Amino acid sequence: MTILLQGWQLGWLAAGPAPPVSPSSSYWELLNNPEQESTIFGNRARSAMDSNDYLIDYMRRMHETHTCEEVMLKMERWIAEHRQDPRRSRLRRLVPQLGNFFTSLRLVDAFREYDAVFALSRRKYIPPNFAELRHIVNIAQVVHASADAMKLITFDADGTLYADGSHFQQDNAMIAHIINLMRCNVHVGIVTAAGYPGEAHKFESRLAGLLETFRKLKLPAEIINRFHVMGGECNYLLRVTADTKSLEFVPEPQWQTPPMQCWKEEALLVESAQRLNLPISLIRKNRSVGIVPQTATIYEVLEDIALTVQNQLVSRIPFCAFNGGNDVFVDAGNKSLGLQAMMAFTGAMPHETLHVGDRFTLSGNDTATRDVCSVLWVANPEETGFFIRMLLKDIRRSRWQPYIE
Ligand code: IMP
Ligand code: MG
């Protein structure tokens with residue numbers, strides 16, 4: 001009888017004695033929030049569908065013929081090669097949809113660290129799943145890759161900092177992390193689809209716990225100035241006022257990039273009216289439209305609607321049609337424009353910028369950021385906390401800044 005072994009199973013055969021694992025290792029927190037249907041979708045529309053991503057799917061398939069460590073070694077090399085020549089790389093041929101990598105990724109080190117806790121290489125029958133591979137890629141991104149050069153970190157709000165439709169409460173673990181990042185000289189931005197034109201108080205109520213902590217700690221202007229909010233994907237930039245620690249809109253000419261100023265429908269209207277000598281008063285409308293189902297539905301229904309709009313809407317200006325988990329929205333602009341504006345505003349280059357979000361599939365509104373900076377894909381706010389703690393430790397190590405838990 002011949003027994004056929006899959007590639008990753010050979011890794012198990014080759015593995016030596018199990019490495020000692022500290023039961024208190026913080027890695028186990030990742031298991032407290034397993035990426036399972038009940039947790040990944042939480043209050044969201046349910047689905048049996050796993051998340052999908054071209055690169056991670058390819059890594060998963062490689063396990064049919066490679067050990068886990070071989071997959072990481074090859075992928076690490078291919079990414080390095082791809083960074084040299086993205087248009088003609090081997091990785092481009094294997095995964096044609098692939099975008100850019102703005103930093104190198106030490107996947108082998110990240111895998112060994114993760115494997116020491118979760119013993120992936122010792123499993124006999126079950127290769128790594130999507131969430132496990134996503135965790136390893138995230139670890140490679142936060143440890144060493146982004147920490148040294150980091151100037152700007154941006155967070156999606158719903159699903160990343162707090163649960164969908166929720167807001168920042170004072171007990172949110174991310175508050176201390178955000179302040180620690182700012183104290184380490186890093187600009188922190190929140191880049192969210194939620195857009196409230198002219199209503200700074202609505203943004204304030206979503207971030208109430210965070211702003212209250214800024215007030216309590218009497219954070220100086222030097223630190224407060226490193227905090228930014230980009231609403232409506234890329235449509236409204238807000239900053240914190242030094243005295244009352246409330247939010248105010250930053251005047252558009254101070255931050256909008258030239259392409260954004262050109263595609264504004266408003267500019268076209270005003271220009272045309274001026275050309276025709278017609279006096280006008282401008283009526284501003286919200287730059288988004290969305291639908292919220294009134295009965296229980298499933299993820300695939302929202303997905304189908306989002307993709308239909310993506311494929312059929314012909315628009316002169318960039319737009320973002322996305323499945324929000326409980327709704328489908330079409331926003332003018334997208335988060336890649338929001339990130340570009342914020343990077344120009346803070347002087348951060350792509351390799352110095354990291355965006356953390358929960359929606360990186362074809363129908364997600366964080367996906368566009370991949371074009372302009374490195375990203376971290378999280379499944380829920382608890383995972384955000386886990387990876388940011390890891391990042392902070394590395395930043396502190398490289399910059400010798402005090403770290404407050
Ligand atoms: P994000 O995850 O922080 O980008 O927020 C996405 C969610 O914000 C959507 O799924 C909606 O539930 C909500 N939302 C509120 N206002 C808007 C808007 O103007 N455009 C898009 N989404 C919005
Ligand atoms: Mg989100």
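No experiment lies behind these values; they were computed from the predicted model shown. Scope of the values below: all heavy atoms of this structure, side chains included, with no hydrogens, waters or symmetry mates. Along the sequence shown, residues are numbered consecutively beginning with 1.
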Checklist entry - Between Asp158 and Arg206, is a salt bridge (Lys or Arg N to Asp or Glu O under 4.0 Å) present by the stated rule, with each step listed? => result CA-CA 10 Å; Asp158 292 63; Arg206 305 284 316 261; 3.1 Å; yes
Next on the checklist: Between Arg60 and Glu132, does the salt bridge (Lys or Arg N to Asp or Glu O under 4.0 Å) criterion hold? Intermediate values first, please.
Outcome noted: CA-CA 10 Å; Arg60 204 152 62 148; Glu132 289 167 329; over 6 Å; no
Checklist entry - Do Phe345 and Val250 come within less than 4.5 Å of each other through their side chains, counting heavy atoms only? => result yes
Checklist entry - Does any donor atom in the side chain of Asp115 or Ser121 lie under 3.5 Å from an acceptor atom in the other side chain? => result yes
Next on the checklist: Parallel, tilted or perpendicular: which one describes the rings of Phe130 and Trp377, with boundaries at 30° and 60°?
Outcome noted: perpendicular
Item to check | Inter-residue atom distance Arg389.CZ - Asn180.CG, 0.5 Å rounding | outcome: 12.0 Å
Checklist entry - Is there a side-chain contact between Leu161 and Ile190 (heavy atoms, below 4.5 Å)? => result yes
Checklist entry - Looking at residues at least two apart in the chain, or sitting in another chain, which of them share a ring pair (Phe, Tyr, Trp, His ring centres under 6.0 Å) with Phe168? => result Tyr162
Item to check | Polar contact flag, side-chain donor to acceptor under 3.5 angstrom, His351-Thr103 | outcome: no
Checklist entry - Given side chains that start at C-beta, do those of Thr361 and Asp53 come closer than 4.5 Å, heavy atoms only? => result no
Item to check | Residues that Phe214 engages under ring pair (Phe, Tyr, Trp, His ring centres under 6.0 Å), provided they are two or more places apart | outcome: Phe227
Item to check | Those residues that, when tested against Glu69, pass side chain to side chain donor-acceptor pair (under 3.5 Å) (two or more places apart) | outcome: Arg112
Next on the checklist: Check Lys74 with Glu81, please: is the shortest side-chain N to carboxylate O separation under 4.0 Å?
Outcome noted: no
Checklist entry - Atom OG of Ser336 and atom CD of Glu233: how far apart are they, to the nearest 0.5 Å? => result 10.0 Å
Item to check | His63 side chain reached by Leu133 side chain, heavy atoms, under 4.5 Å | outcome: yes
Item to check | Side-chain heavy atoms of Phe322 within contact of Val309, under 4.5 Å | outcome: no
Checklist entry - Atom CD1 in Ile136, atom CZ in Arg106: separation rounded to 0.5 Å? => result 15.5 Å
Checklist outcome for this item: d(Gln256 CD, Tyr236 OH) to nearest 0.5 Å is 10.5 Å
Checklist entry - Going through the distances and angles, do Glu204 and Lys245 end up as a salt bridge (Lys or Arg N to Asp or Glu O under 4.0 Å)? => result CA-CA 10 Å; Glu204 281 167 9; Lys245 313 281 191 273; over 6 Å; no
Item to check | Pairwise ring pair (Phe, Tyr, Trp, His ring centres under 6.0 Å) hits with a residue in residues 74-105, at least two apart | outcome: His82-Phe101
Checklist entry - Is Phe111 close to Leu120 at the side-chain level, that is, under 4.5 Å between some pair of heavy atoms? => result yes
Checklist entry - Measuring from Ile388:CD1 to Leu354:CG, what's the distance to the nearest 0.5 Å? => result 6.5 Å
Item to check | Euclidean distance, Asp109 CG relative to Ile139 CD1, rounded to 0.5 Å | outcome: 11.0 Å
Item to check | Between Arg226 and Asn185: side-chain donor-acceptor atoms closer than 3.5 Å | outcome: yes
Next on the checklist: Assess whether a salt bridge exists between Arg359 and Asp156, defined as any Lys/Arg side-chain N lying under 4.0 Å from an Asp/Glu carboxylate O.
Outcome noted: no
Checklist entry - Which heavy atom of Ala321 sits nearest a heavy atom of Ala306, and at what distance? => result CB-O, 4.0 Å
Checklist entry - So which of Thr192, Asp366, Thr154 actually passes side-chain hydrogen bond (donor to acceptor under 3.5 Å, both in side chains) with Lys335? => result Asp366
Next on the checklist: Angle between ring planes, Tyr114 versus His135, binned at 30° and 60°: parallel, tilted or perpendicular?
Outcome noted: tilted
Checklist entry - Between the side chains of Glu303 and Asn323, is a donor N or O closer than 3.5 angstrom to an acceptor N or O? => result yes
Item to check | Side-chain heavy atoms of Asp85 within contact of Arg88, under 4.5 Å | outcome: yes
Checklist entry - Is it true that Arg239 and Glu248 have a side-chain N and a carboxylate O under 4.0 angstrom from each other? => result yes
Checklist entry - Do Val356 and Val375 have side-chain heavy atoms sitting under 4.5 Å apart? => result no
Checklist outcome for this item: Residue pairs meeting ring pair (Phe, Tyr, Trp, His ring centres under 6.0 Å), one or both in residues 181-200, sequence neighbours left out, come to His187-His228, Tyr196-Phe203
Next on the checklist: Among residues at least two apart in sequence or on other chains, which ones pass side chain to side chain donor-acceptor pair (under 3.5 Å) with Arg61?
Outcome noted: none
